[in-house]
Peer 1: 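Here you go, one structure.
As the structure is a prediction and not an experimental result, all values here were calculated from the model. Within every chain, numbering begins at 1; the chains are lettered A, B, ... in the order of the sequence lines, protein sequences first and strands thereafter.
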Protein chains: 2
Amino acid sequence: MSKITIRDVAKQCNVSVSTVSRAINNHPEINQRTRNIILKKIKELGYTPNSNARNLKRLETNTIAVLIKGIGNLFFQPMFKVLENEITKNGYSFLLYKVEEQDNEIDVALKLSQDIKPKGIIFLGGCFMDEDKKILEEIGIPFVVTAIVSKNMSIKNSACVGVDDFLESKKMVNYLLSLGHKKIAIIGSRYDDASIGMLRVNGYKQALTENNISIDENLIFTTTKNEDPYTFEYGYKTIDILLDKKLDFSAIYCVSDAIAIGVLKRLREKGIKSPRDYSVVGFDGLEINDYLNPTITTIKQPVENMALTACNVLFNIISGKPYKKVVTFEGELFVGQTTDKR
Amino acid sequence: MSKITIRDVAKQCNVSVSTVSRAINNHPEINQRTRNIILKKIKELGYTPNSNARNLKRLETNTIAVLIKGIGNLFFQPMFKVLENEITKNGYSFLLYKVEEQDNEIDVALKLSQDIKPKGIIFLGGCFMDEDKKILEEIGIPFVVTAIVSKNMSIKNSACVGVDDFLESKKMVNYLLSLGHKKIAIIGSRYDDASIGMLRVNGYKQALTENNISIDENLIFTTTKNEDPYTFEYGYKTIDILLDKKLDFSAIYCVSDAIAIGVLKRLREKGIKSPRDYSVVGFDGLEINDYLNPTITTIKQPVENMALTACNVLFNIISGKPYKKVVTFEGELFVGQTTDKR
DNA sequence: TTGAAAGCGCTAACAG
DNA sequence: CTGTTAGCGCTTTCAA
């Protein structure tokens with residue numbers, strides 16, 4: 001294991017370490033010739049600067065950190081390459097950082113900002129509580145959040161991009177209503193989920209209320225268990241519980257496509273047909289949905305565009321250009337093959 | 001932004017920095033009482049040690065790094081939680097590190113081992129060339145590779161766990177042959193793919209040869225473009241090219257489930273039925289396959305078990321216990337609804 | 001344009 | 001058991 005340091009390079013080039021440092025960091029105040037000599041030597045030796053030492057000194061690195069909570073969620077999948085492309089294309093280096101399910105992403109961000117001192121942070125998923133906002137202020141690093149609940153943030157140097165989950169959810173339910181469905185069951189996430197899942201449930205309630213349909217709490221399913229509601233399995237298991245209750249409904253609104261996929265599988269196994277017996281709808285617009293049979297009626301979020309915009313807004317914040325604090329995308333009602341008139 | 005250092009803590013506790021260091025690092029030679037006082041103060045101040053400074057000094061951290069190449073590949077998805085669980089359960093900290101498609105994972109590993117000095121590395125995906133092996137030797141850090149081509153490695157402190165792609169591929173083709181299919185088209189990856197894709201193609205050839213069926217190069221599709229062969233889209237587009245050639249075949253072997261999913265979608269759009277018109281098979285056993293309609297006949301790799309084993313082998317290497325250099329799992333021939341007798 | 005030297009925050013000898 | 005001290009490899013004043 002080679003352990004070449006900046007001193008080795010300096011010695012080999014008969015210059016001081018500071019000159020080598022200037023060479024690697026593209027400092028202006030260095031002779032082009034010495035610079036080239038040093039750079040050649042560096043390549044020759046296969047030297048790479050130790051990033052710990054660098055980060056220890058530097059007050060800022062050239063990195064954009066992407067913090068993702070819920071790496072298992074297929075929804076984020078298409079974002080990776082967009083983020084990576086956009087970030088590197090703009091001269092930053094890209095760091096994808098996974099936040100464990102039980103960890104608080106704010107704490108992680110705090111730690112990260114102390115350690116690697118990124119130029120900016122993009123949060124994917126997770127959930128910001130009100131009290132978190134103050135802490136975020138402390139970060140002092142520009143950040144933007146996507147696919148996250150907190151829409152109106154008073155924090156400086158930050159923005160939020162995404163769809164309006166509440167409104168889009170209403171859109172979905174209104175579509176079901178327009179098909180003649182009046183009794184719509186909904187499969188949500190944790191009952192105490194203060195995050196996106198709850199916004200969608202609230203949108204559902206609101207849509208019903210606005211249409212003078214009373215809300216039947218029995219038709220609202222939220223789990224108490226600490227399950228991941230963005231999995232096929234969750235939908236697969238949950239639909240059984242719902243069916244066992246022998247309730248009367250004609251449509252099933254799953255707050256994520258993943259849930260819907262699980263639900264449809266189970267229905268198929270039971271010989272229950274969609275949309276004949278039940279209309280089933282999802283939310284998100286996962287890539288896989290285009291390849292399913294039947295395709296699921298859902299709200300398609302413009303994931304790639306959201307990722308792209310998240311980057312651009314962040315770049316604007318970083319470079320002091322004007323930016324919109326909240327960028328709201330419209331979801332597209334994708335009518336698949338799992339819905340029909342009542 | 002708070003910038004509390006170990007000195008601040010030391011001052012606040014009226015001890016020296018080394019004592020604080022001992023406290024955070026769980027050193028034995030420290031008084032339990034002072035330790036507790038320090039720890040309490042640390043929590044109170046919200047102090048977190050700067051990992052750059054730590055890593056700079058330390059010759060080794062307590063981290064297991066997981067290097068993944070191809071984070072877009074659904075195949076790896078179920079591994080994340082297993083790896084995370086297993087690694088943290090065993091007292092290590094878990095670092096997921098994404099290797100960019102164009103980067104060489106060995107270089108990344110080298111850099112990583114210099115920077116964060118992990119106790120061990122797990123490689124997911126990617127491809128090791130013969131020349132890489134020497135470089136790996138230099139890492140000097142225990143590592144295990146999964147879902148990677150290189151099966152017989154002479155490198156010390158390393159192991160390989162996975163299925164035998166060549167044999168499993170033969171198994172798949174033999175199954176198709178047993179159904180009476182003689183003309184089997186195969187959709188592979190890049191023609192110069194020295195990785196898993198090629199092993200599977202080779203298995204296909206071998207199975208045919210062993211059954212005295214001559215290999216028709218026209219039926220072997222490999223792309224020259226730099227596409228990701230583990231995407232739905234690749235299958236979706238590729239099947240058109242294949243069909244346009246008006247070749248005679250009764251079965252389509254896709255070297256990944258993702259390809260098969262894309263293929264089936266396109267066939268459906270064209271009104272071509274599987275298995276009636278073509279039997280279609282995949283490889284991998286993606287989780288989503290259980291939820292598809294029809295389910296795809298495939299080779300199921302025991303992903304979770306592979307991930308688990310990768311961890312355990314790595315732990316054994318680290319702690320100097322005996323271990324198997326090559327752990328080969330058997331794939332399960334999963335007969336789905338996309339295959340039928342010729 | 002370059003070099004000398006002072007740390008960044010921490011760990012780990014080495015003394016006490 | 002605890003404190004003093006010397007760096008880890010690098011960046012960055014400050015002088016030359």
Side-chain angles (χ1 to χ4, degrees), chain A residues 1-39 41-42 45-63 110-119, chain B residues 1-39 41-42 45-63 110-119:
Chain A
M1 160 102 223
S2 48
K3 230 172 116 181
I4 306 155
T5 76
I6 197 171
R7 305 177 62 134
D8 300 322
V9 180
K11 231 168 266 171
Q12 296 261 338
C13 296
N14 287 317
V15 294
S16 72
V17 287
S18 36
T19 305
V20 178
S21 176
R22 287 181 189 106
I24 25 184
N25 292 295
N26 239 324
H27 263 270
E29 26 183 44
I30 181 175
N31 186 301
Q32 272 305 321
R33 255 220 341 269
T34 47
R35 206 181 103 82
N36 288 138
I37 294 171
I38 293 171
L39 256 33
K41 199 78 192 171
I42 283 176
L45 295 170
Y47 162 75
T48 43
N50 180 306
S51 14
N52 291 306
R54 297 186 103 170
N55 292 341
L56 195 54
K57 283 299 285 187
R58 286 170 158 176
L59 4 74
E60 198 173 62
T61 62
N62 206 34
T63 304
L110 246 35
K111 178 89 184 96
L112 212 67
S113 74
Q114 186 208 302
D115 282 358
I116 74 146
K117 296 154 190 144
K119 273 245 174 45
Chain B
M1 160 99 223
S2 49
K3 229 173 112 179
I4 305 155
T5 75
I6 198 172
R7 304 177 63 132
D8 301 321
V9 180
K11 232 167 265 169
Q12 296 260 339
C13 297
N14 288 315
V15 293
S16 73
V17 286
S18 40
T19 305
V20 178
S21 177
R22 286 182 190 107
I24 27 185
N25 292 295
N26 239 323
H27 263 271
E29 26 183 45
I30 182 176
N31 185 303
Q32 272 306 320
R33 257 221 338 270
T34 46
R35 206 181 103 84
N36 288 140
I37 294 171
I38 294 170
L39 255 32
K41 200 79 191 171
I42 283 176
L45 294 171
Y47 161 75
T48 43
N50 181 307
S51 17
N52 291 306
R54 299 185 101 171
N55 292 340
L56 195 54
K57 282 298 288 187
R58 287 171 159 174
L59 3 76
E60 196 173 64
T61 62
N62 207 34
T63 303
L110 245 35
K111 179 90 183 96
L112 212 67
S113 74
Q114 187 207 300
D115 281 359
I116 74 146
K117 297 154 190 143
K119 273 245 174 47

Peer 1: Could you please name the option among C:dG9, D:dT2, D:dC10 that lies closest to any side-chain atom of B:Glu29?
Peer 2: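 Taking heavy atoms from C-beta onward, the closest nucleotide is D:dT2.
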Peer 1: Check whether any side-chain N or O of A:Asp8 sits under 3.5 Å from a backbone N or O of A:Thr5 as a donor-acceptor pair, and report yes or no.
Peer 2: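 Yes, because the side chain of A:Asp8 sits within donor-acceptor range (under 3.5 Å) of the backbone of A:Thr5.
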Peer 1: Below the 4.0 Å mark, does C:dT11 have OP1 or OP2 next to a side-chain nitrogen or oxygen of B:Arg54?
Peer 2: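 The answer is yes; a side-chain N or O of B:Arg54 sits under 4.0 Å from OP1 or OP2.
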Peer 1: How close or far is atom P of C:dT11 from atom CG of B:Asn50, stated in whole angstroms?
Peer 2: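 About 10 Å, once rounded to whole Å.
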Peer 1: Could you state the atom-to-atom distance from NZ of A:Lys3 to P of D:dC10 in whole Å?
Peer 2: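 The distance from NZ of A:Lys3 to P of D:dC10 comes to 11 Å, rounded to the nearest Å.
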Peer 1: Over how many whole Å does the gap from A:Ile38 atom CD1 to C:dT1 atom P extend?
Peer 2: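 Whole-Å distance recorded here is 13 Å.
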Peer 1: Can you check the A:Leu56 CG to C:dT11 P distance for me, whole Å?
Peer 2: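 Rounding to the nearest Å, CG of A:Leu56 and P of C:dT11 are 12 Å apart.
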Peer 1: Near DNA chain D, counting only heavy atoms under 4.0 Å, which residues of residues 14-27 of chain A show up?
Peer 2: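 Hits under 4.0 Å, by residue number: A:Ser18, A:Ser21, A:Arg22, A:Ile24, A:Asn25, A:His27.
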Peer 1: From CG of A:Asn62 over to P of D:dT11, roughly how many Å is that when rounded to an integer?
Peer 2: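 These atoms are roughly 13 Å apart.
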Peer 1: Within the distance-only criterion (no hydrogens, no angle test), does the side chain of B:Lys3 pair as donor or acceptor with the backbone N or O of A:Gln114 below 3.5 angstrom?
Peer 2: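 Between the backbone of A:Gln114 and the side chain of B:Lys3 there is no qualifying donor-acceptor contact (under 3.5 Å).
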Peer 1: Give the rounded distance in Å between these two atoms: CG of B:Asn55 and C1' of C:dA12.
Peer 2: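 Rounding to the nearest Å, CG of B:Asn55 and C1' of C:dA12 are 15 Å apart.
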Peer 1: If only side-chain N and O atoms count, and only distance matters, is there a donor-acceptor pair under 3.5 Å linking B:Thr19 with B:Ser16?
Peer 2: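 Checked: B:Ser16/B:Thr19 side chains pair up, N/O donor to acceptor below 3.5 Å.
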Peer 1: With sugar-phosphate meaning primed atoms plus P, OP1 and OP2, does B:Thr34 contact a base, only sugar-phosphate, or nothing at under 4.0 Å between heavy atoms?
Peer 2: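 If one applies the 4.0 Å heavy-atom cut-off, B:Thr34 turns out to touch the sugar-phosphate alone, with no base involved.
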Peer 1: With nearest nucleotides of DNA chain D determined for B:Gln32 and A:Pro49 from heavy-atom distances, which residue corresponds to the more 5′ nucleotide?
Peer 2: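 The answer here is B:Gln32.
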Peer 1: Between C:dT2 atom C1' and A:Ile30 atom CD1, what is the distance in whole Å?
Peer 2: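 Rounded to whole Å, this separation is 9 Å.
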Peer 1: With no hydrogens and no angle check, is any side-chain donor or acceptor of B:Asn50 less than 3.5 Å from a backbone partner on B:Asn52?
Peer 2: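 Such a contact is found between B:Asn50 side chain and B:Asn52 backbone.
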Peer 1: For the side chain of A:Lys117 and the backbone of A:Arg58, is there at least one donor-acceptor N/O pair under 3.5 Å apart?
Peer 2: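 Yes.
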Peer 1: Could one point to a donor on the side chain of B:Lys57 or the base of C:dG9 with an acceptor on the other under 3.5 Å away?
Peer 2: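 Such a pair does not exist between side chain and base.
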Peer 1: Just how far, in rounded Å, is C1' of C:dG3 from CZ of A:Arg7?
Peer 2: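 It works out to 13 Å between those atoms.
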Peer 1: Give the C-alpha distance, both sets of side-chain angles, the deciding distance and a yes or no for side chain to side chain contact (heavy atoms under 4.5 Å, CB included) between B:Asn25 and B:Arg54.
Peer 2: CA-CA 11 Å; B:Asn25 292 295; B:Arg54 299 185 101 171; 2.8 Å; yes
Peer 1: Taking all atoms of both residues into account, what is the closest heavy-atom pair of B:Ala10 and B:Val17, and its distance?
Peer 2: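 Heavy atoms only, the tightest pair is CB-N, 3.8 Å.
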